[in-house]
Amino acid sequence: MCGIVGYIGKRQAFPIVLEGLKRLEYRGYDSAGIALYDGSDILLSKTKGKVSALEDKANNEMSLKGNLAIGHTRWATHGVPNDVNSHPHYSNSGDLVIIHNGIIENYASIKEELIKRGYTFQSDTDTEVLINLIEDVKKKEKVKLGKAVQIALNQVVGAYAIAVFDKNKPNEIVVAKLGSPLAIGVGEDEFFIASDASPFLEYTKKAIYLEDEEMAVVRLNKKIKIRKIKNDELAETYIQELKINLEQIVKGGYDHFMLKEIYEQPTAIKDTYRGRLLVKEGIIRMAGIDDHLEKFLNANRVIIVACGTSWHAGLVAEYIFENLARIPVEVEYASEFRYRNPVITSKDVVIAISQSGETADTLAAIKLAKQNGAFVFGVCNVVGSTIARETHAGAYTHAGPEIGVASTKAFTTQITVLTLIALKLAKESGAMSKSDFQYHLQELELIPGKVEKALESDKHILEVAKKYKDSKNCLYLGRGYNFPVALEGALKLKEISYIHAEGYPAAEMKHGPIALIDEQMPVFVIATKKGHYEKVVSNVQEIKARSGKIIGIVTQGDKDVKAIADHIIEVPETLECLTPLLTTIPLQLLSYHIAVLLNKNVDQPRNLAKSVTVE
Ligand code: M6R
């Protein structure tokens, strides 16, 4: 999983590609490189490290003038992150150059063949194999670059979004896609290539999203024609008008994207239910559900597949669906589901949840479910993403771009969409009375204001963070709807501060984890008024008796937990099923502050990337 950017046109290409790479660093940031055509030759600069390191290196070692360039920011799959394995990669002749996001699975056998034919390799990457295969085909078949790319891609197994150019034909870039995203920005006498639209938003709002197994020769002064890689058939060239703003993807005055995104949650939740939650009319309108209502109402069960934070949102949904709509739900890690030969029938509805819409495991789970006849519904944030396209129907979360690697607003907007679906099904199936339904609508509408209120505790949370920032381990406990919130709280802390943390159902503690409790162990307990409150208070007592440090996430005005806990953080009162939308806020802020206090890279934690498009 990597970010790719390309430019061809009248402007200087280097700054456009460099800036584009910075915006795509959420896709990977262990090395970066740019290949620029300066009017007579290809100049190449690449380095281990971030795009800022590339900027310094390129400034020192090459001229930055030229109107054609391609660049790459990498998350290593084949070959360790170092200068040599960084993209772009040359072909042996030095005429062709490529950037690639994805994996060529059969690269080893192709490499062997090419070595027999006299090719040599500098790097350990599958990508260098691909560019030499393209060169080999081009020479052997005496075809143009576009054709050579097409023939070569028909020989490879794997996933790719690629951009290739030939220094002898510097008026075109050849692009192709299978499994990894690729957008083409269409300007006036200029084109942009990128993994998503963010690198070209200030230049053009017109974009073409390639489908899987499609390719195009992007040539100056020519209309783009898209072809099927398999059989050369022409495909539809659909130019979309993008509605997204650049301001939506820059930090907007916050120190980190993560903090900005935490603070965006009131708006993001409102945007997610806008036009769907119609309180006055007493209805929930969701085209994706309305059009397939029978599928949901007649389903034997709902299977939710997702990864990471999206999986946690799925777990919250399990409680909501079963409790409100009385529909049986199973929640599966997509990575397990795809390989465990699950029993799926045409009476199952599968809900796939993914912020990015590109997660490889979730995509594979969707494909498996479809093959077995299930109806597959997607809950995605990124419009036009692969999962959004691969599912039979779906609902977007409308959270806006989430750049911080640690998911925050995606989680709360996923819960919002899933709550809307559960409520709608509860009403349509008769599982919920009209008055109860109406009450839930009113309460859901109040959530953005209550999230704002929860955010007001930020300063107090910073003080709590200062106390626990040096902890080596932390426990997170919750029950019912808030058990998944405990898991999510622990994941947030782990991924950005590198402190070991575990989430548990509060009552499970006595079956093992209680042995860990001593005066060194902070325990974050979600103990809101509704939902097993007394039981959780007993769990808190058990921790206290063993000298654990207790930080309670409680309902405003709470007395019982306050009397025992070392610290409390209050959230407003709401319906039990809506509490995860509030209790998750202080846990996000806590993780954020601890990571900042520890001087960690909050938006780009080590070893991670925003969308995991590899297995
Ligand atoms: O884009 P997706 O929602 O499919 O991503 C799933 C996980 O990779 C993601 O939630 C990951 O766990 C985040 N880093 C969590 O903050």
Side-chain angles (χ1 to χ4, degrees), residues 1 25-29 75 179-181 195-196 256-259 261-262 265 268 304-317 331-338 350-367 376 378-391 394-415 417-418 476 484-485 487-498 501 503 584 587-592 595 600-615:
M1 144 191 52
E25 272 193 307
Y26 71 87
R27 300 182 62 83
Y29 39 83
W75 188 80
S180 304
S195 301
D196 68 32
H256 299 95
F257 281 112
M258 182 183 177
L259 190 61
E261 287 155 10
I262 291 173
Q265 287 175 108
I304 296 179
V305 291
C307 302
T309 289
S310 298
W311 183 74
H312 295 154
L315 286 178
V316 175
V331 189
E332 301 259 6
Y333 278 122
S335 52
E336 285 298 309
F337 182 79
R338 60 183 292 193
V350 171
I351 299 182
I353 310 172
S354 173
Q355 186 287 130
S356 61
E358 302 294 344
T359 300
D361 287 320
T362 311
L363 246 175
I366 290 169
K367 287 184 180 155
V376 186
V379 176
C380 295
N381 191 38
V382 177
V383 176
S385 56
T386 311
I387 292 178
R389 293 197 308 267
E390 281 288 326
T391 40
Y396 285 116
T397 44
H398 301 308
E402 191 182 65
I403 310 289
V405 165
S407 218
T408 51
K409 60 178 180 171
F411 181 63
T412 45
T413 53
Q414 285 164 348
I415 294 174
V417 163
L418 293 160
Y476 286 73
V485 177
L487 296 179
E488 174 61 9
L491 174 63
K492 285 290 87 85
L493 187 71
K494 276 185 273 207
E495 66 182 337
I496 61 171
S497 70
Y498 319 143
T584 197
L587 298 184
Q588 293 170 346
L589 285 168
L590 254 165
S591 304
Y592 170 78
K600 303 294 183 214
N601 188 338
V602 172
D603 286 331
Q604 296 175 339
R606 70 183 182 204
N607 305 338
L608 296 176
K610 185 65 185 163
S611 65
V612 184
T613 55
V614 292
E615 276 193 50

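The structure displayed is predicted, hence computed values, not measured ones. Ligands are counted one by one from 1 in listed order, and the atoms in each one are counted from 1 as well.
There is a side-chain donor-acceptor pair under 3.5 Å between E402 and S407. With no hydrogens or angles considered, a side-chain donor-acceptor pair links Q265 and T412 at under 3.5 Å. Judged by distance alone, the side chains of T309 and E488 do bring a donor and an acceptor atom under 3.5 Å apart.
Between G308, A334, C307, S354, it is C307 that holds the heavy atom closest to atom 6 (C) of ligand 1.
At a 3.5 angstrom cut-off on N or O pairs, S407 counts as close to ligand 1.
Taking a cut-off of under 4.0 Å to the non-hydrogen atoms of Q355, the atoms of ligand 1 that pass are 1 (O), 2 (P), 3 (O), 4 (O). Near V405, the atoms of ligand 1 lying under 4.0 angstrom from a non-hydrogen atom of the residue are 13 (C), 14 (N), 16 (O). Numbered from 1 in the order shown, with element, the atoms of ligand 1 that lie under 4.0 Å from a heavy atom of A406 read 16 (O). Residue-ligand proximity, S310 to ligand 1, at heavy-atom distances under 4.0 Å covers atoms 2 (P), 3 (O), 10 (O). Listed by number with element, the atoms of ligand 1 under 4.0 Å from a non-hydrogen atom of K492 are 15 (C), 16 (O). Each of the following atoms of ligand 1 lies closer than 4.0 Å to a heavy atom of S356: 1 (O), 2 (P), 4 (O).
Counting protein heavy atoms only, atom 10 (O) of ligand 1 is closest to T309 N, 3.0 Å. For atom 5 (O) of ligand 1, the nearest non-hydrogen atom of the protein is T359 OG1, 3.5 Å. The shortest contact between atom 8 (O) of ligand 1 and any protein heavy atom is with V612 CG2, 4.0 Å.
Under the rule for a ring-ring contact (aromatic ring centres under 6.0 Å, His included), the partners of H256 that lie at least two apart in sequence or sit in another chain are Y592. Applying the ring-ring contact (aromatic ring centres under 6.0 Å, His included) rule to F337 yields no partners; only residues at least two apart in sequence or on another chain are considered.
In this structure, E358 falls outside the shell of residues with a heavy atom less than 4.0 angstrom from ligand 1.
Here the side chain of N381 pairs no donor or acceptor atom with the backbone of G357 at under 3.5 angstrom. One N or O on the side chain of D603 and one on the backbone of M258 form a donor-acceptor pair closer than 3.5 Å. For the pair E261 (side chain) and I403 (backbone), a donor-acceptor distance under 3.5 Å is present. E358 places a side-chain N or O within donor-acceptor distance of the main-chain N or O of T386, the cut-off being under 3.5 Å.
With a 4.0 Å cut-off on non-hydrogen atoms, E495 touches ligand 1 through its side chain and not its backbone.
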